[in-house]
Amino acid sequence: MKNSDIDITKGTRLGKPGGPGTRMPFAVAKPKNFKKTLLRTVKYFSRQYAKLILIFFLVLIGSILTLSAPYFIGKAVDTIVSLNYSLLIRYCLILLGIYISVSIVTFVQGFTTVGVSQKAVMLLRRDLFSKMQRFPLIFFDTRSHGDLMSRFSNDIDLISDTISQAILQIMTTVIVVTGSFIMMLSLSRILTFTTLLVVPLVFLLTRTVAKKTKPLFTEQQNELGKLNGQVEETISGIKIVKAFNKEEDKIEEFKSLNENLCEFATRAQILSGFIMPLMEVINNLGIAGIALVGGTLAIQGSITVGVIASFLSYSRQFTRPLNEVANMFNTLQSAMAGAERVFEILDEPVEKPNAPDSIEMVSPKGDVKFSHVYFGYEQGSYVLKDICFETKAGYNVALVGPTGAGKTTLANLLTRFYDIEKGEIFIDGENIDLFTKESLRESFGIVLQDTYLFSGSIKENILYGKPDATDEEIIRASTIADADTFIRQLPKGYDTILTESGSNLSQGQRQLLAIARAVLSNPPFLILDEATSDVDTRTEIRIQEGMKKLMEGKTSFIIAHRLSTIRNCQLIMVISGGEIVEKGNHEELLKLDGVYSKMYAAQFV
């Protein structure tokens with residue numbers, strides 16, 4: 001006899017008990033290459049093309065002014081030699097005007113660039129947050145929340161700080177280096193050739209250091225994510241840490257992660273810090289060569305002292321941007337390591353979309369059928385195996401069994417938080433894949449074992465189940481959930497502000513608010529995952545009376561370890577090792593003298 005052939009009114013023993021399923025972690029994607037990551041990052045900035053064009057023109061104006069300064073310096077030097085002081089004063093005033101103008105242009109372009117950078121980062125954060133709302137539940141079950149927060153804050157901030165500087169630096173470098181090269185050629189080709197001798201050394205040094213620092217910066221960001229995850233976990237569970245006297249263990253764990261971060265960060269920063277001192281050595285070699293060759297040419301009468309002065313300024317303008325780009329490129333390695341971590345999340349597959357021909361679920365009756373359903377967190381490794389049962393509208397279905405047997409997972413399949421690997425699930429005779437996920441989930445009221453409340457007032461948290469509900473409906477729902485009494489005893493009643501996760505309430509009070517939220521939404525289906533696990537026995541009895549009213553006419557799935565809460569359910573299924581090993585009502589399962597009977601005896605006899 002197959003599982004699907006068994007009538008729920010007859011108690012029958014099925015299958016074999018087994019061990020709980022094992023949740024498998026995600027495989028970590030390989031980091032993207034530097035060029036691809038940089039291009040993806042730049043796309044967020046290129047959306048503001050009008051401001052980027054403005055920045056380009058500001059940089060162009062500033063660069064032209066900067067390039068004109070050495071020319072007038074050379075002229076001023078020659079006027080000193082010729083003792084033409086009136087002309088010297090004129091050149092000095094021109095130089096003063098140039099430097100003031102450069103300062104103004106630099107301020108405006110910096111102001112505009114910061115605006116572009118922050119807007120781009122805002123778009124990146126928006127895309128990241130929006131993408132995370134569309135991930136399947138399994139993504140969050142297998143990720144460190146602290147690491148995800150690190151990608152939102154540390155990695156994106158690093159991108160913001162670096163790219164805004166890189167935009168200006170790249171534009172300035174292209175214009176200034178090109179302009180300086182042209183001006184140097186016009187002054188002296190021999191001195192220009194002397195200057196170019198040091199350029200290959202700059203690129204060779206940059207390439208060598210960048211190759212060494214890239215993996216170090218990547219590891220630095222990874223270690224930072226691990227550290228944030230440990231801090232977030234410790235703060236969230238600080239009561240448990242103190243209760244078990246694990247403060248020293250957590251300190252040692254933090255110390256280890258902190259030292260790893262320090263090691264990678266130190267190695268990356270020290271290695272990248274070699275660039276500028278070495279660049280200065282190379283630049284000084286170039287200046288020495290210019291002075292030697294230029295002095296020789298001046299003695300021969302080929303050039304004037306003013307030309308040498310101008311050329312030295314142009315050579316500095318030619319090599320300095322190259323040095324700064326080299327240093328910036330090293331910093332850019334760190335930013336791209338952070339960007340890779342952000343894009344890694346953006347590249348994760350989202351929740352399977354609704355089918356093109358999907359329909360809205362409207363006023364469901366409540367019939368539910370599971371037909372040979374299999375599910376696993378990893379292909380071929382099943383947490384639930386061959387789940388078959390059928391229940392009628394308005395029935396209360398209880399799921400019992402050891403921890404990790406798959407009870408909550410089964411409920412998550414019904415709401416399509418997870419998609420099944422094999423088999424079919426039907427509601428009112430229709431495969432749930434035919435319904436839109438939004439309308440399917442709106443038909444379920446869910447109270448989880450791990451209660452979560454949002455920052456805000458108690459009233460706002462209850463309204464989460466039905467935003468347009470009246471005050472009378474809120475009070476009625478709270479009364480049914482036995483929450484109205486303790487709410488009114490609070491200083492501000494329903495307007496009491498809750499801290500993060502409602503930590504200023506007891507666990508039992510938070511559970512009552514979660515039940516009130518489900519009562520208010522009044523859906524045709526209910527999923528109660530250990531809904532009364534954190535309240536005292538007396539409160540539990542009162543809640544059970546309210547729950548009876550709530551569940552009238554609704555198909556309810558009740559996950560429970562306290563068997564006293566599910567004795568009156570029309571169908572009780574015992575799940576072990578991902579399989580249904582027994583099912584029937586309370587009396588029928590006691591007569592089987594099987595797993596359920598032993599569980600009941602352990603609690604009450």
Q: Are Y377 and Y418 an aromatic pair by the rule of ring centers under 6.0 Å?
A: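 Aromatic pair counts; centres sit under 6.0 Å.
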Q: For E247 and K250: C-alpha separation, side-chain torsions, deciding distance, then whether salt bridge (charged side-chain N to carboxylate O under 4.0 Å, His left out) applies.
A: CA-CA 5 Å; E247 293 94 336; K250 286 297 179 183; over 6 Å; no
Q: Looking at CE of M336 and CD1 of I159, how far apart are the two atoms once the value is rounded to the nearest 0.5 Å?
A: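 So the gap between those two atoms works out to 6.0 Å.
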Q: Roughly how far, to the nearest 0.5 Å, is CG of L434 from CG of D357?
A: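 Answer for the CG-CG pair, D357 versus L434, is 6.5 Å.
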Q: With sequence neighbours left out, what residues match F557 under ring pair (Phe, Tyr, Trp, His ring centres under 6.0 Å)?
A: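 Partners of F557 by the ring pair (Phe, Tyr, Trp, His ring centres under 6.0 Å) criterion come out as none, since no residue qualifies.
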Q: Rounded at 0.5 Å granularity, tell me how far OG in S597 sits from CG in L590.
A: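 One gets 5.5 Å once the value is rounded to the nearest 0.5 Å.
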Q: Less than 4.0 Å between a side-chain N and a carboxylate O, is that true for R151 and E344?
A: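 Looking at E344 and R151, the cut-off is met.
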Q: When you look at F370 and I580, which way does the side-chain contact (heavy atoms from CB on, under 4.5 Å) test go after all the steps?
A: CA-CA 12 Å; F370 275 59; I580 301 175; over 6 Å; no
Q: What pairs with K352 under side-chain contact (heavy atoms from CB on, under 4.5 Å), at least two apart in sequence or on another chain?
A: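 Testing K352 for side-chain contact (heavy atoms from CB on, under 4.5 Å), a comparison that skips the adjacent residues, returns R416, D419, K437.
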Q: Check the pair R341, D155 against salt bridge (charged side-chain N to carboxylate O under 4.0 Å, His left out), reporting the backbone distance first and the verdict last.
A: CA-CA 7 Å; R341 285 164 45 81; D155 292 332; 2.7 Å; yes
Q: Looking at side-chain heavy atoms only, is the closest gap between C388 and D386 below 4.5 Å?
A: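 Heavy-atom side-chain distance check passes, below 4.5 Å.
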Q: So, do I572 and H586 sit near enough that their side-chain heavy atoms are less than 4.5 Å apart?
A: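 They are in contact (side-chain heavy atoms under 4.5 Å apart), so the answer is yes.
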Q: Tell me every residue that passes side-chain contact (heavy atoms from CB on, under 4.5 Å) with S457, counting only those two or more places apart in sequence or in another chain.
A: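 Testing S457 for side-chain contact (heavy atoms from CB on, under 4.5 Å), a comparison that skips the adjacent residues, returns K459, E460, I497.
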Q: Using side-chain heavy atoms (C-beta onward) and a distance below 4.5 Å, is R488 in contact with I475?
A: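 A side-chain contact exists here, since the closest heavy-atom pair is under 4.5 Å.
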Q: In this structure, are over 12 heavy atoms from other groups packed under 6.0 Å from F444 atom CZ?
A: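 Count over threshold, so yes.
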Q: Are there over 12 heavy-atom neighbours, none belonging to M149, within less than 6.0 Å of that residue's CE?
A: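 No, because the 6.0 Å sphere around CE of M149 holds 12 heavy atoms or fewer from other groups.
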Q: Would you check if the side chain of D367 reaches a backbone N or O of A393 as a donor-acceptor pair within less than 3.5 Å?
A: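 Side chain of D367 to backbone of A393, a donor-acceptor pair under 3.5 Å: yes, one is there.
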Q: May I ask you to check whether over 12 heavy atoms, not counting those of R476, lie within 6.0 Å of atom CZ?
A: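 Open: at most 12 neighbouring heavy atoms sit under 6.0 Å from CZ of R476.
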Q: For T37 and E340, work out which heavy atoms get closest and say how close.
A: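 Minimum heavy-atom separation between T37 and E340: OG1-CG, 3.3 Å.
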Q: Side-chain contact, heavy-atom cut-off 4.5 Å: L490 with I458?
A: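 Heavy-atom side-chain distance check passes, below 4.5 Å.
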Q: Without hydrogens or angle criteria, can the side chains of D127 and Y44 be said to hold a donor-acceptor pair below 3.5 Å?
A: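 Y44 and D127 do have a side-chain donor-acceptor pair below 3.5 Å.
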Q: In terms of side-chain heavy atoms, does Y494 have a donor or acceptor partner in N461 at a distance below 3.5 Å?
A: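 No, N461 and Y494 have no side-chain donor paired with an acceptor closer than 3.5 Å.
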Q: Flag the pair L410 / L399 as yes when at least one side-chain heavy-atom distance between them is below 4.5 Å, and no otherwise.
A: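 When only atoms from C-beta onward are counted, L399 and L410 do touch, with a gap below 4.5 Å.
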Q: Would you confirm whether N585, through its side chain, and E588, through its main-chain N or O, come within 3.5 Å as a donor-acceptor pair?
A: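 Yes.
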Q: Hey, is the main chain of E360 close enough, under 3.5 Å, to the side chain of S439 for a donor-acceptor pair?
A: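 Between the backbone of E360 and the side chain of S439 there is no qualifying donor-acceptor contact (under 3.5 Å).
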Q: Do the non-hydrogen side-chain atoms of I420 and I387 ever get within less than 4.5 Å of each other?
A: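 No, their side chains stay 4.5 Å or more apart.
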Q: Does N258 reach the side chain of C262, with side-chain heavy atoms less than 4.5 Å apart?
A: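 Not touching, per the 4.5 Å side-chain cut-off.
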Q: Does any N or O in the side chain of E579 come within less than 3.5 Å of the main-chain N or O of K385, such that one atom is a donor and the other an acceptor?
A: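 Not at all, since once roles are kept as given, no pair shorter than 3.5 Å links the two residues.
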Q: Which heavy atom in V400 sits nearest to a heavy atom in A560, and how many Å separate them?
A: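 Here V400 and A560 meet closest at CG1-O, 3.6 Å.
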Q: The test is side-chain contact (heavy atoms from CB on, under 4.5 Å); show your working for I558 and C569 and say whether it passes.
A: CA-CA 9 Å; I558 306 165; C569 291; 3.8 Å; yes
Q: Considering residues at least two apart in sequence or located in another chain, which fulfil the salt bridge (Lys or Arg N to Asp or Glu O under 4.0 Å) criterion with D428?
A: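 Applying salt bridge (Lys or Arg N to Asp or Glu O under 4.0 Å) to D428 gives none.
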Q: Rounded to the nearest 0.5 Å, what's the gap from CG on L512 to CD1 on I487? Could you check?
A: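 That separation rounds to 8.5 Å.
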Q: Using a 3.5 Å distance criterion without hydrogens, assess whether the side chain of E252 forms a donor-acceptor pair with backbone atoms of D249.
A: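 Absent.
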Q: For Q133, give me all partners under side-chain contact (heavy atoms from CB on, under 4.5 Å), at least two apart in sequence or on another chain.
A: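 For Q133 the side-chain contact (heavy atoms from CB on, under 4.5 Å) partners, ignoring immediate neighbours, are F129.
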Q: Within this structure, what is the CD1-CD distance for the pair I425 and E430, rounded to the nearest 0.5 Å?
A: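 Here the rounded value is 14.5 Å.
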Q: Taking side chain as C-beta onward, heavy atoms only, is V574 less than 4.5 Å from K583?
A: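 No. Closest side-chain heavy atoms not under 4.5 Å.
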Q: Assess whether side-chain contact (heavy atoms from CB on, under 4.5 Å) is satisfied between S358 and F435, documenting all intermediate values.
A: CA-CA 5 Å; S358 58; F435 300 116; over 6 Å; no
Q: Report the residues that fulfil salt bridge (Lys or Arg N to Asp or Glu O under 4.0 Å) with R125, sequence neighbours left out, ordered by chain and then residue number.
A: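 Scan of R125 (salt bridge (Lys or Arg N to Asp or Glu O under 4.0 Å), adjacent residues dropped) gives D157.
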Q: Using the test salt bridge (Lys or Arg N to Asp or Glu O under 4.0 Å), find all partners of E263 that sit at least two apart in sequence or belong to another chain.
A: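 Result, salt bridge (Lys or Arg N to Asp or Glu O under 4.0 Å) vs E263: R267.
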Q: Excluding sequence neighbours, so at least two apart, what forms ring pair (Phe, Tyr, Trp, His ring centres under 6.0 Å) with Y374?
A: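 Y374 satisfies ring pair (Phe, Tyr, Trp, His ring centres under 6.0 Å) with Y382 only.
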Q: Nearest heavy-atom pair of A469 and E473: which atoms, and what distance?
A: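 Closest approach of A469 to E473: CA-OE1, 3.1 Å.
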Q: Between S256 (side chain) and E253 (backbone), is there a donor-acceptor pair under 3.5 Å?
A: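 Side chain of S256 to backbone of E253: no pair is present.
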Q: Which of these passes side-chain contact (heavy atoms from CB on, under 4.5 Å) with L440: T415, L414, I427, N354?
A: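 Filter result, single survivor: I427.
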Q: Is it the case that the side chain of K131 and the backbone of E348 share a donor-acceptor pair, with hydrogens and angles ignored and the cut-off at 3.5 Å?
A: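 Yes; at least one donor-acceptor contact below 3.5 Å.
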Q: Tell me every residue that passes ring pair (Phe, Tyr, Trp, His ring centres under 6.0 Å) with F135, counting only those two or more places apart in sequence or in another chain.
A: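 F135: ring pair (Phe, Tyr, Trp, His ring centres under 6.0 Å) contacts with F139.
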Q: Donor-acceptor pairs are to be reported for all side-chain atoms of residues 513-528 against protein atoms at under 3.5 Å, with residues two or more places apart or in another chain.
A:
{"residue": "R517", "atom": "NH2", "partner": "Y452", "partner atom": "O", "Å": "3.0"}
{"residue": "S521", "atom": "OG", "partner": "A518", "partner atom": "O", "Å": "2.8"}
{"residue": "N522", "atom": "OD1", "partner": "K554", "partner atom": "NZ", "Å": "2.8"}

Q: Walk me through it: do F343 and K36 pass the test side-chain contact (heavy atoms from CB on, under 4.5 Å)?
A: CA-CA 11 Å; F343 291 133; K36 183 178 179 180; over 6 Å; no
Q: Holding to salt bridge (Lys or Arg N to Asp or Glu O under 4.0 Å), I want the full list of residues that pass it with E442, two or more places apart in sequence or in another chain.
A: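 E442: no salt bridge (Lys or Arg N to Asp or Glu O under 4.0 Å) contacts found.
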Q: Could you check E351 against R441 for salt bridge (charged side-chain N to carboxylate O under 4.0 Å, His left out), going step by step and ending with a plain yes or no?
A: CA-CA 14 Å; E351 191 173 19; R441 291 168 184 170; 2.4 Å; yes
Q: Holding to side-chain contact (heavy atoms from CB on, under 4.5 Å), I want the full list of residues that pass it with K226, two or more places apart in sequence or in another chain.
A: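 Once residues adjacent in sequence are excluded, the partners of K226 under the side-chain contact (heavy atoms from CB on, under 4.5 Å) criterion are E223, L257.
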Q: Mind checking the CZ-CG spacing from F264 to L224? Nearest 0.5 Å is all I need.
A: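 Here the interatomic distance stands at 13.0 Å.
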